Engineer: 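I am attaching a structure below and will ask some questions about it afterwards.
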Amino acid sequence: LGEPSSGKRPPKLDLTSCKEVRHAWSPDPDNPMFTGTPILRQKCEAANAHKSFALIFPKRTVDITAVTADQCKVLMEGFSALCFRLQVAQNVASSGNQT
């Protein structure tokens with residue numbers, strides 16, 4: 001469990017650019033016959049799909065598998081709320097700079 005060991009530095013993610021938080025079982029708007037994202041479908045084991053989700057950014061996705069389905073729900077709600085609040089704050093700040 002936890003972060004895999006790697007010599008690469010993890011990328012920095014700008015949550016203000018997160019477009020969507022999508023559960024592995026949620027319909028894929030780009031491919032309505034499928035769920036999740038292409039990478040989740042490819043990499044996520046079926047036994048973990050109920051506790052997996054993706055943060056969707058314009059040029060990449062970040063897939064997360066929680067320890068439990070309840071933890072997955074809490075993480076999804078938390079990321080969704082955090083991304084939304086950061087985007088609202090960014091919009092308020094940018095509109096304040098235009099006046």
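Bear in mind that the values here come from a model prediction, so they are computed numbers and not experimental data. Here, residue 1 is the first one in the sequence, and each next residue gets the next number.
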Engineer: Quick one: ring pair (Phe, Tyr, Trp, His ring centres under 6.0 Å) pairs with a partner in residues 47-73, sequence neighbours left out?
Structural biologist: none
Engineer: Taking all atoms of both residues into account, what is the closest heavy-atom pair of P58 and S17, and its distance?
Structural biologist: CD-O, 3.2 Å
Engineer: Report yes or no: does Q71 contribute a side-chain atom to a donor-acceptor pair with the main-chain N or O of V67 at less than 3.5 Å?
Structural biologist: yes
Engineer: Sorted by first residue and then second, give each salt bridge (Lys or Arg N to Asp or Glu O under 4.0 Å) pair with at least one member in residues 21-46; sequence neighbours left out.
Structural biologist: E20-R22, R22-D28, D28-R41
Engineer: Suppose the criterion is ring pair (Phe, Tyr, Trp, His ring centres under 6.0 Å): which pairs have a residue in residues 20-39, not counting sequence neighbours?
Structural biologist: H23-W25
Engineer: Is there a continuous path of hydrophobic side-chain contacts, each under 4.5 Å between heavy atoms, that joins L55 to M76?
Structural biologist: yes
Engineer: Which pairs with one or both residues in residues 72-84 pass side-chain hydrogen bond (donor to acceptor under 3.5 Å, both in side chains), sequence neighbours excluded?
Structural biologist: none
Engineer: What residues join V74 in its hydrophobic cluster, counting side-chain heavy atom gaps under 4.5 Å, either direct or through other members?
Structural biologist: none
Engineer: Applying side chain to side chain contact (heavy atoms under 4.5 Å, CB included), name anything that partners N91, two or more places apart in sequence or on another chain.
Structural biologist: none
Engineer: Answer yes if L15 and V88 sit in the same cluster of Ile, Leu, Val, Met, Phe, Trp and Tyr residues linked by side chain heavy atoms under 4.5 Å apart, and no otherwise.
Structural biologist: no
Engineer: Taking side chain as C-beta onward, heavy atoms only, is C72 less than 4.5 Å from S52?
Structural biologist: no
Engineer: Applying the 4.5 Å side-chain criterion to the ILVMFWY set and letting contacts propagate, would L40 and I56 be lumped into a single cluster?
Structural biologist: no
Engineer: Please evaluate residues L13 and R60 with respect to the criterion side chain to side chain contact (heavy atoms under 4.5 Å, CB included), reporting the C-alpha separation (whole Å), side-chain torsions for both, the decisive distance (0.1 Å), and the verdict.
Structural biologist: CA-CA 10 Å; L13 299 172; R60 68 168 298 169; 4.3 Å; yes
Engineer: Can you measure from OG1 (T16) to CD (Q87) and round to the nearest 0.5 angstrom?
Structural biologist: 6.5 Å
Engineer: Within the side chain of S26, is there an N or O that forms a donor-acceptor pair under 3.5 Å with the backbone of G36?
Structural biologist: no
Engineer: Hydrophobic cluster membership, with links at side-chain heavy-atom distances under 4.5 Å among I/L/V/M/F/W/Y: are V21 and L82 in one?
Structural biologist: yes
Engineer: Taking all atoms of both residues into account, what is the closest heavy-atom pair of T35 and A24, and its distance?
Structural biologist: OG1-O, 3.1 Å
